[in-house]
Amino acid sequence: MSITEKIANAKETTWVTEALSEAEVKSTVELAKISARIEKCRQNMNMTQKEFAEYMNVSQGMVSKWESREYNFTIRSLNEICEKLHLSLNLDMQPVNMVKEYPILKWDEIKQRTKSQKNDWIKKYNMKGAIA
């Protein structure tokens, strides 16, 4: 069963989102995107984690941490990684009144929608590339 199917068929609950602030959700999504990008670069280079670690001049354990989606990168480490992988790092800080990119939807809001709308919600997040 795919992750999309698991999400679509999951029992409704609020315990997961109740304890998370919007900042925590955003941090989780951003870390997942960064980790996925690094992992994708490594795979595109047809390298194992060990080979990639040698290329990046770090330990294999560090590469594993980067790809774990839990490593808390510093701006300096991100810039060094991006330089080595020929990626650009763009940080953009906007005023709070801007539209938020990562809305937190409560299950009771989702419950009001039909099953097809739930699937559309899941597809929307899959297309954005959010991996958490």
Side-chain angles (χ1 to χ4, degrees):
M1 180 182 296
S2 73
I3 188 70
T4 304
E5 292 170 326
K6 287 180 182 179
I7 292 171
N9 296 323
K11 292 181 182 177
E12 295 180 4
T13 183
T14 59
W15 71 268
V16 175
T17 57
E18 284 177 355
L20 296 176
S21 69
E22 189 170 339
E24 290 171 311
V25 171
K26 187 175 186 314
S27 295
T28 300
V29 170
E30 292 298 335
L31 284 172
K33 285 178 171 180
I34 292 165
S35 296
R37 172 66 68 188
I38 292 169
E39 186 174 6
K40 183 77 169 172
C41 286
R42 176 181 64 79
Q43 291 171 343
N44 288 343
M45 296 168 77
N46 294 315
M47 291 185 177
T48 64
Q49 281 189 348
K50 184 177 180 180
E51 293 166 336
F52 189 68
E54 290 173 15
Y55 173 76
M56 297 298 292
N57 200 26
V58 297
S59 69
Q60 186 273 326
M62 180 58 73
V63 172
S64 179
K65 287 179 184 179
W66 290 347
E67 294 181 2
S68 73
R69 290 154 174 70
E70 294 178 15
Y71 183 77
N72 195 5
F73 297 90
T74 64
I75 300 298
R76 175 174 283 162
S77 65
L78 283 174
N79 276 312
E80 290 171 357
I81 291 166
C82 288
E83 183 179 331
K84 194 82 169 180
L85 297 177
H86 308 287
L87 299 171
S88 66
L89 177 62
N90 300 306
L91 300 173
D92 189 23
M93 298 172 71
Q94 297 292 327
V96 176
N97 61 356
M98 297 296 292
V99 175
K100 296 174 183 168
E101 190 176 346
Y102 305 104
I104 299 174
L105 298 177
K106 301 290 183 193
W107 272 113
D108 44 344
E109 293 173 29
I110 297 169
K111 195 176 358 180
Q112 296 172 4
R113 301 175 185 182
T114 65
K115 186 167 179 75
S116 66
Q117 287 173 323
K118 283 184 190 178
N119 289 336
D120 289 343
W121 178 75
I122 292 166
K123 289 176 192 171
K124 174 184 168 188
Y125 279 89
N126 284 342
M127 290 189 309
K128 280 191 164 196
I131 304 168

State the OG-CD distance between S77 and E80, to the nearest 0.5 angstrom. 7.0 Å
Backbone N or O of L31 within a donor-acceptor pair of the S35 side chain at under 3.5 Å? yes
Parallel, tilted or perpendicular: which describes the rings of W66 and F52, with under 30° parallel and over 60° perpendicular? perpendicular
Surrounding NZ of K50 (heavy atoms of other residues, nucleotides or ligands, distance under 6.0 Å), is the total greater than 12? no
Quick one: NZ on K84 to SG on C41, what's the gap to the nearest 0.5 Å? 13.5 Å
Return yes if some donor-acceptor pair links the side-chain N/O of E30 with the main-chain N/O of S27 below 3.5 Å, else return no. no
Taking side chain to side chain contact (heavy atoms under 4.5 Å, CB included) as the definition, give me every residue that meets it alongside S64, ordered by chain and number, with sequence neighbours left out. Q49, Q60
Check V63 against R42 and note the closest heavy-atom contact, atom names and distance. CG1-CD, 4.4 Å
Quick check: does any side chain N or O of Y71 sit under 3.5 Å from a backbone N or O of M62, one acting as donor and the other as acceptor? no
Rounding to 0.5 Å, atoms OH (Y55) and CE (M47) come to a distance of 6.5 Å
Got a second to check how far L87's CG is from I38's CD1, nearest 0.5 Å? 8.5 Å
Run the numbers on L91 and I75 for side chain to side chain contact (heavy atoms under 4.5 Å, CB included), then give the verdict. CA-CA 10 Å; L91 300 173; I75 300 298; 3.4 Å; yes
For E51, look at atom CD and say whether over 12 heavy atoms of other residues, nucleotides or ligands are found less than 6.0 Å away. yes
Is it true that, when you exclude N44 itself, more than 12 heavy atoms of the residues, nucleotides or ligands shown sit nearer than 6.0 Å to its CG? yes
Distance check, rounded to the nearest 0.5 Å: E39 atom CD versus E67 atom CD? 4.0 Å
